[in-house]
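Okay, structure first, notes after.
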Protein chains: 2
Amino acid sequence: MAKSGPASTLRTGSTAGSAATRQALVDAAIEALKADGFSGASARAIAGRAGCNQGLVFYHFGSVANLLLAALDAVSADRLERYQASVEAAASPTELVDAAAAIFREDLEAGYVTVLVELIAGATATPGLGPEVAARIEPWKQFARDALDAALGDSPLASLVPSGDAAHGVVALYLGLELLSHLDGDRAPALALFDHARQLATLLQAVGTLPPATQAPA
Amino acid sequence: MAKSGPASTLRTGSTAGSAATRQALVDAAIEALKADGFSGASARAIAGRAGCNQGLVFYHFGSVANLLLAALDAVSADRLERYQASVEAAASPTELVDAAAAIFREDLEAGYVTVLVELIAGATATPGLGPEVAARIEPWKQFARDALDAALGDSPLASLVPSGDAAHGVVALYLGLELLSHLDGDRAPALALFDHARQLATLLQAVGTLPPATQAPA
DNA sequence: GTCTATACTTGGATAGAC
DNA sequence: GTCTATCCAAGTATAGAC
């Protein structure tokens, strides 16, 4: 798959318009995916949002699918960086859940995860898109895995559920919650779940910390 | 929203072709959603699968969206019945997870949940589709809630997480796992998670059953 | 009442203007 | 090198044939 478009003109010399147009298209693609979903993210719709001709989509990215992948890359980079900073500061499971809840709230309100969800769901339609999207989810899974390892690496829970499997579940839950929240425009149930998760984490943390004798009374 | 098409001709008298065509279209719509996703489930594509003229979609259902909702109704009815029978037989949490795992495996292989996921993700594109889809998810959530209540209604876990919120999470996880499994064609991680859930359920069941004294040694 | 042929709109992609 | 005008395929919907 040779990259089409002016891939060799990434230096910001010569014509300044190119990079700006690319950026505008990427931003517009993100907005289109958030507002109208995969099937609404057409070259025309995106170019309309970006305020430029739809032919530019194909000039700069070769195809609509490639532009959407570029959009996914942009949000992924943006969000992973944000996550990294926020989660690194969390030492305990409780803090981890708190950080996750805060970020999730941010994601829901900004619609970042929508971009990912729409691309996953739409991947079936475009041949070859699936593997590309799958590869871009890998960092998220790895990140979830690292966070889980750091937070409860030595707890008894970790020996029951391998962090790789747990990370898969966490990512799946994240995507599913986004799917539901976006559907009925109500993110209260998702946030409530995080609240309960926080309580459970606190509980588990206490159980792991306290001497065995104090655990018994049910 | 008045139903268009021959809604009054549901009696199987007069012309037998009508009901058959409707059924063929519904089946084809399900297949199209499973294979090509929401954006691939066009009137042309569906009619092609059903072996009939694409205009029939509009005659019988009024719009593509209505046909897709009919498809969702069909799988929902089919699956909920299956779930009900399977879960009613499960008395303990372990058995419940076992039943859920068996059904989930079935769903993944048959692609039933894909229909739901694609419609949720695609709902943003078509005005008015969202609420309709949301209403059709309600029974699934209610079902999950009932199952949770029955399985661990009196356990201490139930007092920590209200079954309504937990049900929301279960449905979200279900949808997310489907999303990921469908993406990279690998359902092993999802099945592994069910395996771990089963172990956890067995553990919790044991903890709840045994006398307090035996719980201590960590 | 059931279905087909046709009208019109939007989408992906490119040849060629600047 | 950057962008626009244009082409053709695919989409929704309906007027009218059977």
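Values reported hereafter were calculated over all heavy atoms of this structure, with side chains retained and with hydrogens, waters and symmetry mates removed. To find a chain, count down the sequence lines: A is the first, B the second, and so on, and within it residues start at 1.
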For nucleotides 11-15 of chain D, tabulate all protein N/O to nucleotide N/O atom pairs closer than 3.5 Å, reporting atom names and distance.
{"unit_1": "D:dG11", "atom_1": "OP1", "unit_2": "B:Ser42", "atom_2": "OG", "d": "3.0"}
{"unit_1": "D:dG11", "atom_1": "N7", "unit_2": "B:Arg44", "atom_2": "NH1", "d": "2.3"}
{"unit_1": "D:dT12", "atom_1": "OP2", "unit_2": "B:Ala43", "atom_2": "N", "d": "2.8"}
{"unit_1": "D:dT12", "atom_1": "O4", "unit_2": "B:Arg44", "atom_2": "NH1", "d": "3.1"}
{"unit_1": "D:dA13", "atom_1": "N6", "unit_2": "B:Gln54", "atom_2": "NE2", "d": "2.1"}

side-chain hydrogen bond (donor to acceptor under 3.5 Å, both in side chains) pairs, two or more places apart, involving residues 176-185 of chain A = A:Thr114-A:Glu178
Can you tell me the distance, in whole Å, between the CZ atom of A:Arg22 and the C1' atom of D:dG1?
-> 14 Å
Value in whole Å for how far the C1' atom of C:dT4 lies from NE2 of B:His60 = 12 Å
Answer yes or no: does a side-chain N or O of B:Ser18 lie under 4.0 Å from OP1 or OP2 of C:dG1?
-> no
Mind checking side chain to side chain donor-acceptor pair (under 3.5 Å) for B:Asp73 and listing every partner two or more places apart, or none if nothing turns up?
-> B:Arg136
Heavy-atom neighbours of A:Glu109 CD exceed 12 at 6.0 Å | yes
With respect to A:Pro189, which candidate in A:Asp186, A:Leu191, A:Leu193 satisfies the side-chain contact (heavy atoms from CB on, under 4.5 Å) definition?
-> A:Asp186
Taking side chain as C-beta onward, heavy atoms only, is B:Leu108 less than 4.5 Å from B:Leu177?
-> no
